[in-house]
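The next block holds one structure in the form of structure tokens; read it before the comments.
For ligands, and for the atoms within them, numbers begin at 1 and follow the listed sequence.
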Amino acid sequence: MTSLLFSPLTIRGLTLKNRIVLSPMLTYSATNGYTNETHFAHYAKYAVGGVGLVFVESTKIDPRGCSTPKDLGLWKDEFVPGMRKIVDLVKSYGSAVGIQLGHSGRKARRNLPWEGRTPMENCPGVDHGEPWELIGPSPVPHSGSYQAPREMTYDDIGEMMEAYAQGARRADEAGFDVLEIHGAHGYLLHQFLSPTANKRTDRYGGSLENRMRFAIEVVQATKRYWPENKPLFLRISAIDETEWTIDDSVALARALKKHGVDCIDCSAGGISDTAPSNNIVGYGYQVKFADAVRNGADIMSMAVGMIVHADQAESILQKGEADLVALGRELLVNPNWAMDAALKLGEPAPYAQMPPVYGYYLDRRKRGFKELQHSTAQAGIKA
Ligand SMILES: Cc1cc2nc3c(=O)[nH]c(=O)nc-3n(C[C@H](O)[C@H](O)[C@H](O)COP(=O)(O)O)c2cc1C
């Protein structure tokens with residue numbers, strides 16, 4: 001019997017071969033926003049390993065949105081050919097490919113995680129073509145060690161919508177199958193949603209409806225170019241460590257659904273330095289959020305966070321807690337996780353997840369093992 005994990009899933013005009021997703025993860029490898037061999041090798045690996053949908057990391061639609069000097073960019077047309085190379089590689093191995101569009105807002109301009117993630121005063125050696133200014137909904141810093149951003153004017157907001165629209169156009173031109181808008185982890189969209197970061201008194205601040213306006217306008221902007229037959233996802237922090245609640249997330253998901261978002265990718269935290277994700281977490285620690293959003297807003301959801309085992313992933317889907325499971329660090333450990341999961345779940349053709357050359361030889365090896373076991377058993381040899 002085929003598991004749900006390995007059942008195809010159709011969203012708009014796209015059919016995924018299974019429900020395993022590579023969660024968007026920064027590789028911190030770009031130079032001035034451009035892709036290079038590291039990205040090609042990195043993303044191809046997960047497609048070879050059988051992941052159904054490979055997400056390219058948070059890619060910035062505005063140079064000011066880069067969280068570090070090594071973020072990928074999509075703020076100009078020159079980035080498209082490099083992205084197309086990732087797309088072609090991933091698709092050549094039978095996986096679908098998505099991209100996450102992001103903007104870090106007041107959390108931009110930091111050193112790399114392993115350099116302490118400290119805020120940078122300036123940006124030596126980075127040529128983004130523009131000053132790397134911190135902007136946000138209100139002049140409220142992320143934490144004590146951060147600079148306060150400049151409050152965005154209506155003109156800034158209009159330009160940002162255009163940047164998202166053009167980012168979506170470039171993502172489509174590069175051939176991506178799925179677009180995800182990054183609305184989580186304390187970055188720009190989340191900053192507008194959060195009453196902690198957003199102190200505005202105009203139509204973008206105050207009530208929940210007003211604070212959701214920026215995110216909804218971003219969706220509308222991307223929809224100007226993102227084709228109707230391609231799925232649109234949005235990642236949220238379903239709860240955060242200050243004022244944003246799961247009820248807010250359900251309300252947001254309902255509104256986003258009306259504006260054509262297909263799937264809510266449910267993460268958590270990031271609006272301050274005391275994110276839940278910085279605390280001790282357990283297996284599937286955010287699955288309950290994917291469940292609450294899916295079943296509270298009647299929309300597809302994607303679960304993420306310490307999904308490690310094949311039977312754990314299958315059980316999330318069987319229980320109707322999510323429609324897709326995204327794995328981050330476990331896929332870093334084992335890019336062939338999908339094949340491994342297929343074997344563990346007793347899939348009839350476990351190697352079908354892999355390119356034919358792997359499948360052909362691994363299948364023969366498996367049959368060889370069976371024959372070996374049979375002959376050793378006959379000879380009374382304990383394996
Ligand atoms: C190296 C690294 C980079 C990440 N970059 C992103 C990112 O670009 N966008 C995003 O939404 N989340 C990012 N995340 C969060 C992951 O997508 C994921 O939600 C998180 O790691 C929890 O899932 P896991 O337990 O399966 O790793 C990153 C995580 C890691 C470890």
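- Counting protein heavy atoms under 4.0 angstrom from atom 20 (C) of ligand 1 gives zero.
- Residue Glu330 has no nitrogen or oxygen atom sitting less than 3.5 Å from a nitrogen or oxygen atom of ligand 1, judged on distance alone.
- Nearest protein neighbour of atom 18 (C) of ligand 1, counting heavy atoms only, is Ser23 OG, 3.7 Å.
- Remark: minimum distance from atom 1 (C) of ligand 1 to any protein heavy atom is reached at Leu26 O, 3.8 Å.
- Residue-ligand proximity, Gly305 to ligand 1, at heavy-atom distances under 4.0 Å covers atoms 22 (C), 23 (O), 25 (O).
- Closest to atom 26 (O) of ligand 1 among all protein heavy atoms lies Gly328 N, 2.8 Å.
- Looking at ligand 1, you won't find any N or O of Tyr28 less than 3.5 Å from one of its N or O atoms.
- Here the protein heavy atom with the shortest distance to atom 31 (C) of ligand 1 is Arg329 CG, 3.7 Å.
- Looking only at heavy atoms of the protein, atom 10 (C) of ligand 1 is closest to Arg235 NH1, 3.3 Å.
- Under a 4.0 Å criterion applied to the non-hydrogen atoms of Gln100, ligand 1 contributes the atoms 7 (C), 8 (O), 9 (N), 10 (C), 11 (O).
- Counting only heavy atoms of the protein, atom 28 (C) of ligand 1 lies nearest to Met25 CG, 3.6 Å.
- Under a 4.0 Å criterion applied to the non-hydrogen atoms of Val304, ligand 1 contributes the atoms 18 (C), 19 (O), 23 (O).
- Looking only at heavy atoms of the protein, atom 6 (C) of ligand 1 is closest to Pro24 O, 3.0 Å.
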